[in-house]
Amino acid sequence: MSQKQNITDVLLVGATGSRRRTRPSRDRRMTAGGLGAGKGEPAAPGRRAILRGVLLGGATIMTGVQVAGCSTSPKRRGAPESAERPASAASPGKRVLLAYFSRPGENYYYGGRTNLKIGNTEALARMIGERIECDVHRIETVDPYPDGYDATVARNVREQNADARPAIANPPSSLDRYDAVLLASPIWNVRSPMIMSTFSERYDFHGKTVYPVTTYAMSGLGTTERDYAASCRGATIGEGLAVRGEKVREADTEVRTWLRRIGLLRD
């Protein structure tokens with residue numbers, strides 16, 4: 001399938017949740033803003049910008065988020081980091097892992113581009129980590145994604161077409177001690193990056209509840225609920241959280257409300 005066909009698919013919300021991508025139905029098309037100049041206010045909407053833009057849609061300006069609790073300090077991409085803490089740090093009765101993949105660099109922003117020192121999903125993970133007792137693990141690729149937006153779009157298209165499993169640089173040895181796992185990632189072309197499949201297929205999730213967490217431009221949770229139901233062996237899939245990339249820094253109330261609903265909010 002050509003790259004152009006894949007990018008067109010990003011306009012369709014509600015694609016099949018199977019690991020092998022299938023083309024979404026035609027009756028669920030959405031539109032978004034156009035390509036900006038990259039500085040200041042984005043330019044007027046444009047179809048070409050939408051088609052290329054929303055593929056890596058979990059992006060917004062988040063360069064100064066303050067962190068506390070179980071969140072971790074940012075590191076330069078390419079330096080694997082595991083921020084796991086001892087199990088004793090988790091809340092009594094429910095041991096929680098927050099595992100996330102996030103990409104800084106040139107990202108989509110209201111139809112234009114912006115350069116992020118901290119990726120949106122990492123910013124959201126930090127916000128969640130301030131509010132619950134958990135261990136945090138940042139998922140790192142053996143082969144880091146490019147800083148350039150278009151180059152990352154092209155690589156993601158290739159990986160989705162090939163149903164690839166990008167190698168993880170720093171996988172946890174086990175998830176046995178956890179009762180709940182929050183899997184956080186951007187949404188790229190209606191689904192999570194393929195490295196999330198590498199992660200989720202690696203472990204036994206029997207007896208655990210998995211909560212999808214995403215940052216997005218158009219597709220919300222995308223196909224994550226179905227994908228994790230298939231790849232997280234034995235897991236119960238809990239209520240997910242999807243935050244628009246450009247709105248991550250304004251998501252405190254949304255995050256707190258969701259954490260309270262799923263019973264993880266720290267008093």
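Side chains included, hydrogens not; waters and symmetry mates left out as well; all remaining heavy atoms used. Because the structure is predicted, anything quoted here is derived from the model rather than measured.
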Run the side chain to side chain contact (heavy atoms under 4.5 Å, CB included) test against Thr257 and tell me which residues pass, sequence neighbours left out.
Thr253, Arg261
Walk me through it: do Tyr100 and Leu182 pass the test side-chain contact (heavy atoms from CB on, under 4.5 Å)?
CA-CA 8 Å; Tyr100 74 93; Leu182 282 60; over 6 Å; no
Non-neighbouring partners of Arg202 that pass salt bridge (charged side-chain N to carboxylate O under 4.0 Å, His left out), sequence neighbours left out
none
Before you tell me yes or no, could you show the steps for Arg131 and Val255 under side-chain contact (heavy atoms from CB on, under 4.5 Å), namely the whole-Å CA-CA distance, both residues' side-chain angles and the distance that decides it to 0.1 Å?
CA-CA 9 Å; Arg131 291 153 180 78; Val255 167; 4.2 Å; yes
4.5 Å side-chain heavy-atom contact, Ile237 and Pro212:
yes
Tell me, please, which residues at least two apart from Glu159 pass side chain to side chain contact (heavy atoms under 4.5 Å, CB included).
Tyr145, Arg155, Ala164, Pro166, Met194
Restricting to pairs with a member in residues 205-220, which pass salt bridge (Lys or Arg N to Asp or Glu O under 4.0 Å), not counting sequence neighbours?
none
Same cluster for Phe101 and Val142 if Ile/Leu/Val/Met/Phe/Trp/Tyr side chains link at under 4.5 Å?
no
side-chain hydrogen bond (donor to acceptor under 3.5 Å, both in side chains) involving Arg158 - partner list, sequence neighbours excluded
none
Quick one: side-chain hydrogen bond (donor to acceptor under 3.5 Å, both in side chains) partners of Ser200, sequence neighbours excluded?
Ser231
Those residues that, when tested against Ala242, pass side chain to side chain contact (heavy atoms under 4.5 Å, CB included) (two or more places apart):
Thr214, Tyr216, Leu221
Side chain to side chain, Ile118 and Pro104, heavy atoms closer than 4.5 Å:
no
Of all residues at least two apart in sequence or in a different chain, which pass the side-chain hydrogen bond (donor to acceptor under 3.5 Å, both in side chains) check with Asp204?
His206
Of all residues at least two apart in sequence or in a different chain, which pass the ring-ring contact (aromatic ring centres under 6.0 Å, His included) check with Tyr203?
Phe199
Are Leu116 and Arg103 close enough that some pair of their side-chain heavy atoms sits under 4.5 Å apart?
no
Does Ile168 reach the side chain of Glu140, with side-chain heavy atoms less than 4.5 Å apart?
no
Side chain to side chain contact (heavy atoms under 4.5 Å, CB included) filter on Asp176, not counting sequence neighbours, yields Ser174
With sequence neighbours left out, write down each residue that passes ring-ring contact (aromatic ring centres under 6.0 Å, His included) with Tyr228, or none if nothing qualifies.
none
Asn107 and Asn115, any side-chain heavy atoms less than 4.5 Å apart:
no
Once you round to the nearest 0.5 Å, how far does CZ of Arg95 lie from CG of Asp135?
10.5 Å
Side-chain contact, heavy-atom cut-off 4.5 Å: Val96 with Ile132?
yes
Could you tell me if the side chain of Ile139 sits less than 4.5 Å from the side chain of Met196, heavy atoms only?
yes
Given the options Asp227, Thr224, Asn156, Arg191 meets side chain to side chain contact (heavy atoms under 4.5 Å, CB included) only with Asp227
When every non-hydrogen atom of Ala217 is compared with those of Tyr108, the smallest separation belongs to CB-CE2, 3.8 Å
